[in-house]
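Note on naming: letters A, B, ... go to the chains in the order of the sequence lines (proteins, then strands), and numbering restarts at 1 for each one. This one's a predicted model, so the numbers in the text were calculated from it and none came from an experiment. In what follows, every heavy atom counts, from backbone to side chain, and hydrogens, waters and symmetry copies are set aside.
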Protein chains: 2
Amino acid sequence: MKEGPDITLLGSLIGDPARANMLTALLSGKALTASELAGEAGISAQTASSHLAKMQSGGLLIQRKQGRHRYFALADDDVGSLLEAMMGLAAKKGHLRTRTGPKDPALRRARVCYNHLAGDLGVQMMDSLLAKGFLTPENEGLGLTEDGRRFFEGFAIDLAPLEKLRRPLCKSCLDWSNRRSHLAGSLGSALLTRFYDLGWARRVENSRIVSFNTPGEKEFMRMFAV
Amino acid sequence: MKEGPDITLLGSLIGDPARANMLTALLSGKALTASELAGEAGISAQTASSHLAKMQSGGLLIQRKQGRHRYFALADDDVGSLLEAMMGLAAKKGHLRTRTGPKDPALRRARVCYNHLAGDLGVQMMDSLLAKGFLTPENEGLGLTEDGRRFFEGFAIDLAPLEKLRRPLCKSCLDWSNRRSHLAGSLGSALLTRFYDLGWARRVENSRIVSFNTPGEKEFMRMFAV
DNA sequence: AGAATGCTTCGACTACAATCGAACTATGAA
DNA sequence: TTCATAGTTCGATTGTAGTCGAAGCATTCT
């Protein structure tokens, strides 16, 4: 017994409601200040401060000072993936939040997962990219084909700087609402940014929802048909 | 806010040391009795009973009555995967258990992950099966090729009954010690069983370690060379 | 039937962690 | 300099979850 890594710390960090709310808010990919997170969790600033310190020393968060603000963000993609994975299992086991609000359908359709697109549209995009042979499954992840390289460059995504990063270019991430994979990694992130830039979609304030407008969705559907 | 599934319950269930010890023990794939689990966690029977009830109602465990014993096991593969994923992140963040025992290297080399082979050897097997074209990455999982079908049948693994199960045949599972994938699913489980039957390896008592004997390891290496 | 084992329920105790008010530090604005 | 805002630290309070002893069922053994 007492073999392997210790999962209790991670579990207990995630297991507190206030902290879970903060983490969920940060899953939107935006860095938030301590007071914003306190508001998100519905607790006082002092309490939030203590929680944030714990999560930081536990490796879940990183902190960036900027003027008199302190911005907190998820430490890395792995933390985001774990949170999504837990949401997947929680959903499967029926652990829903007390009030499943009216936003729920919109959230299932298109939302931000840390920094890339998730939900029905995210899964569809992934399927389409695979079906057209732009991405291809590799050893343990995803690879970019020559066709894919041309496609993305044609979509005004500059691959060169992305490939220089330590972060993997393509990665698959499990979707809690669909239990299917969608595209993560720096390429997934770049695609989402491109959708914003093109004016196809925008972020809904204070939420993970990504809202496509009518022409934007039309373009998206044409480009990522299955 | 308050969007999506609730991860606090899962987190807090996993976040208690006694429960985490039990879950880790169950990750060996064996069903254990309440008293065995109490011993594993180092707590009294009463306390264990309360923990087990909570984990059961939280969907992490299932219970099977057999005579005057109650056997507990992980509820499904997803629970096992989540635990391995958490161990992966915990290891990466340096959350090791206080005493990293002498068993640790053996554990990294070959261990049971719920019901299939993990560790260096598990990863090597996966790599070999992919390299030889017996398995192939598919949409969101793994597929069996015609060559692969012949290979496994030749290895005296009867695929027909496995394919009838609701459980997926092939599945990849992330390894915490390697951060690479190994083969899960009913096929992964069948392979491990076959190794036991052939006398290549055996389980080390009260541990997740799988110990290969010299000729067994030789055969394994020949069969799953990379 | 009676005894023993395996497990759960009940009740009481304890320890710890979340919480907030108040005081303190740091940055920025007037 | 003085004031205001953002955040942390300290101390005290509170609630709750983990813990075990004792008693209660259920099943098997003799």
| task | Please check if the distance between the ring centroids of B:F195 and B:W200 is under 6.0 Å. | result | yes
| request: Scan side-chain atoms only and decide if B:T47 and B:S50 contain a donor-acceptor pair under the 3.5 Å cut-off. | output: no
| query | Hey, which of these two, A:A45 or B:A48, hits DNA chain C nearer its 5' end, going by closest nucleotide? | reply | B:A48
| query | Would you say B:R70 reaches D:dA26's phosphate, i.e. side-chain N/O to OP1/OP2 under 4.0 Å? | reply | no
| field | N/O (side chain, A:R19) to phosphate O (OP1/OP2, C:dA18) under 4.0 Å | value | yes
| said: Using OP1 and OP2 only, check whether a side-chain N or O of A:K54 sits under 4.0 Å from C:dA17. | reply: no
| task | Please lay out, stage by stage, how A:I157 and A:R194 fare under the test side chain to side chain contact (heavy atoms under 4.5 Å, CB included). | result | CA-CA 8 Å; A:I157 289 180; A:R194 189 81 184 106; 4.2 Å; yes
| remark: Rounded to whole Å, CG of A:L52 lies from P of D:dA6 at a distance of 15 Å
| Separation of A:F72 atom CZ from D:dA6 atom C1', in whole Å? | 11 Å
| Any side-chain N or O of B:K65 under 4.0 Å from OP1/OP2 of D:dA26? | no
| message | So if I take every side-chain heavy atom of B:T47 and compare against C:dA29, D:dT19, C:dT19, which nucleotide ends up nearest? | response | D:dT19
| query | Side-chain N or O of A:H51 less than 4.0 angstrom from OP1 or OP2 on C:dT19? | reply | yes
| Side-chain N or O of B:S44 less than 4.0 angstrom from OP1 or OP2 on D:dT19? | no
| request: Choose from D:dT19, C:dT19, D:dT8 the nucleotide whose nearest atom is closest to any side-chain atom of A:A18. | output: C:dT19
| field | Per A:R68 side chain, nearest of listed nucleotides C:dT8, D:dT8, C:dG28 | value | C:dG28
| request: Give a yes or no on whether a salt bridge exists between B:E84 and B:R111, defined as a side-chain N under 4.0 angstrom from a carboxylate O. | output: yes
| note | The nucleotide from C:dT8, C:dC20, D:dG21 with an atom nearest the side chain of A:I43 is C:dC20
| query | Counting any heavy atom closer than 4.0 Å, what does B:S12 reach on the DNA or RNA strands: base, sugar-phosphate only, or nothing? | reply | nothing
